[in-house]
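Here the structure is laid out as structure tokens; the discussion comes afterwards.
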Amino acid sequence: MISSHRGVWSAVLLALSACTRGLEWIQDPPNAVAVTTSGSWASMIYLARTDSGVIAIDLGWTGAAAALERGTRRLDATPSDVRFAFITHAHRDHIGGWPNVRAARFVLGLAELPYFIGTAQYQGLVPSGVERVSVTERPKASDIAVVGISQDTAFALGSDTLWAFLVPGHTPGSTAYLFRGILFGGDAVNYRPFTGFQGARPEMSDDPMQSRASMTALWQRLDTSRVKFVCSAHAKCARNSDELRRALAR
């Protein structure tokens, strides 16, 4: 009976984790859409039209190809129209759609590049464990065009500007992106049912303490007047507030 109850409780928590939160706040078709891939964790893909072409922020996991088709269709585009793919970090659940946008220019933290192309291995408990069981399909360096950033960087996309901020810790090259008032924090931003927003999950992270320090430092160099919403890579969004800032340092 106890094990049965545990199984039911685990299923409930998994279902809650898969739910989105506040995703409607960042929907603006046909200018921008946020879609989620299938599976347990609702990995988010954000797509937007810019004067420099369609951009993506993260590329999901299970069902990424279908999600990209669905999302780009709402922009009157196709996955082949994606010109830039901004990657918060290269854990398997955020890069699944890379083969579908392989003609894009991939932007990520320079320290993340070896992990993206599979020449280095993560140290986090869960990511390292799952790779021993099932190896993630990753691009070779020769397969793609990459821009690796080693400092906070602004990208001019016609009338838009996207700001990239290095926030290492969850992974060595974790990067947050600020675009059109939305701060995409990757998995340095984590939401759990009943406890709300917190910093990176320890079991998923290479260095959770560094991640928390990075998020604290981010608020010191970020123009918070430009931030309307903060979103995790798993489709949980919140309105910017001092309470949220404190939560992400926990």
Pairs meeting criterion disulfide (SG to SG under 2.5 Å) with involvement of residues 166-222, two or more places apart:
none
Closest non-hydrogen contact found for Pro168 with Ser214 is O-OG, 2.6 Å
When you compare the side chain of Cys231 with that of Met44, does any pair of heavy atoms fall below 4.5 Å?
yes
Is there a path from Val189 to Leu178 through hydrophobic residues (I, L, V, M, F, W, Y) whose side chains come within less than 4.5 Å of each other?
yes
Distance (rounded to the nearest 0.5 Å) between Phe106 CZ and Trp98 CH2:
7.5 Å
Quick one: are the ring centres of Tyr46 and Phe86 less than 6.0 Å apart?
no
Intermediate values then yes/no, side-chain contact (heavy atoms from CB on, under 4.5 Å), Leu183 and Tyr177
CA-CA 6 Å; Leu183 181 65; Tyr177 299 103; over 6 Å; no
d(Leu59 CG, Ile87 CD1) to nearest 0.5 Å is 4.0 Å
Under a 4.5 Å cut-off applied to non-hydrogen side-chain atoms, are His89 and His94 in contact?
yes
ILVMFWY clustering at 4.5 Å (side-chain atoms), partners of Val130:
Val126, Met204
Spatial distance of atom SG (Cys237) from atom CZ (Phe184) [nearest 0.5 Å]:
7.5 Å
Connecting only ILVMFWY residues whose side-chain heavy atoms lie within less than 4.5 Å of each other, what is the rest of Tyr115's hydrophobic cluster?
Tyr122
Ignoring hydrogens and angles, state whether a donor on the side chain of Thr171 or Asp206 is under 3.5 Å from an acceptor on the partner side chain.
no
Kindly give the heavy-atom pair with the smallest separation between Gly109 and Thr175, and that separation in Å.
N-OG1, 3.4 Å
Compare every heavy atom of Met215 with every heavy atom of Ala188, then report the nearest pair and how far apart it is.
CB-SD, 3.7 Å
Same cluster or not: are Ile45 and Trp61 linked, directly or through other Ile, Leu, Val, Met, Phe, Trp or Tyr residues, by side-chain heavy atoms under 4.5 angstrom apart?
no
Nearest 0.5 Å, what's the OG1-CG distance between Thr72 and Leu47?
6.5 Å
Taking only residues two or more places apart in sequence, or in another chain, which ones meet Phe179 in a ring pair (Phe, Tyr, Trp, His ring centres under 6.0 Å)?
none
Consider only side-chain heavy atoms of I, L, V, M, F, W and Y, link residues closer than 4.5 Å, and tell whether Leu248 and Val167 are in one cluster.
yes
Interatomic distance, Thr37 atom OG1 to Asp93 atom CG [nearest 0.5 angstrom]
8.0 Å
Check against side-chain contact (heavy atoms from CB on, under 4.5 Å), Ile55 and Leu162:
CA-CA 10 Å; Ile55 70 166; Leu162 180 146; 4.1 Å; yes
Closer than 3.5 angstrom, by distance alone: can the side chain of Glu69 be matched with the main-chain N or O of Pro79 as a donor-acceptor pair?
no
Any Pro208 side-chain heavy atom under 4.5 Å of Arg201 side chain
no
Are any of the side-chain nitrogens in Asp223 or Arg226 under 4.0 Å away from the carboxylate oxygens of its partner?
yes
Going by atom type alone, with no hydrogens or angles, which donor-acceptor pairs under 3.5 Å involve a side-chain atom of residues 144-158 and a protein atom two or more places apart or on another chain?
{"unit_1": "Asp152", "atom_1": "OD1", "unit_2": "Leu166", "atom_2": "N", "d": "3.0"}
{"unit_1": "Asp152", "atom_1": "OD1", "unit_2": "Arg221", "atom_2": "NH2", "d": "3.4"}
{"unit_1": "Asp152", "atom_1": "OD2", "unit_2": "Arg221", "atom_2": "NE", "d": "2.5"}
{"unit_1": "Thr153", "atom_1": "OG1", "unit_2": "Gln151", "atom_2": "O", "d": "2.7"}

Quick one, Arg74 with Gln27, criterion side-chain contact (heavy atoms from CB on, under 4.5 Å). Give me CA distance, side-chain angles, the key distance, then yes/no.
CA-CA 11 Å; Arg74 294 177 66 191; Gln27 304 285 5; 4.1 Å; yes
Please tell me if the side chains of His170 and His91 come closer than 4.5 Å, counting only heavy atoms from C-beta onward.
yes
Straight-line distance of Ile117 CD1 to Ile95 CD1, nearest 0.5 Å
11.0 Å
Determine yes or no for a side-chain-to-main-chain donor-acceptor pair under 3.5 angstrom, with Arg49 supplying the side chain and Asn31 the backbone.
no
Would you call Glu243 and Arg246 a side-chain contact if the rule is heavy atoms closer than 4.5 Å?
yes
Heavy atoms only: give me the nearest Ser43-Gly60 pair and the separation to one decimal.
CB-CA, 3.9 Å
Asp160 vs Thr50, test: side chain to side chain donor-acceptor pair (under 3.5 Å). Steps then yes/no.
CA-CA 7 Å; Asp160 288 296; Thr50 74; 5.4 Å; no
Is a side-chain donor or acceptor of Asp81 paired with a backbone partner of Thr78 at a separation under 3.5 angstrom?
yes
For Thr136 and Glu131, test the side chains for any donor-to-acceptor distance below 3.5 angstrom and give the result as yes or no.
yes
Between Ala249 and Thr216 the two heavy atoms that sit nearest each other are CB-OG1, 3.4 Å
Mind checking what makes ring pair (Phe, Tyr, Trp, His ring centres under 6.0 Å) contact with Trp25, not counting sequence neighbours?
Phe229
Keeping Arg180 on the side-chain end and Ile26 on the backbone end, is there a donor-acceptor pair under 3.5 Å?
no
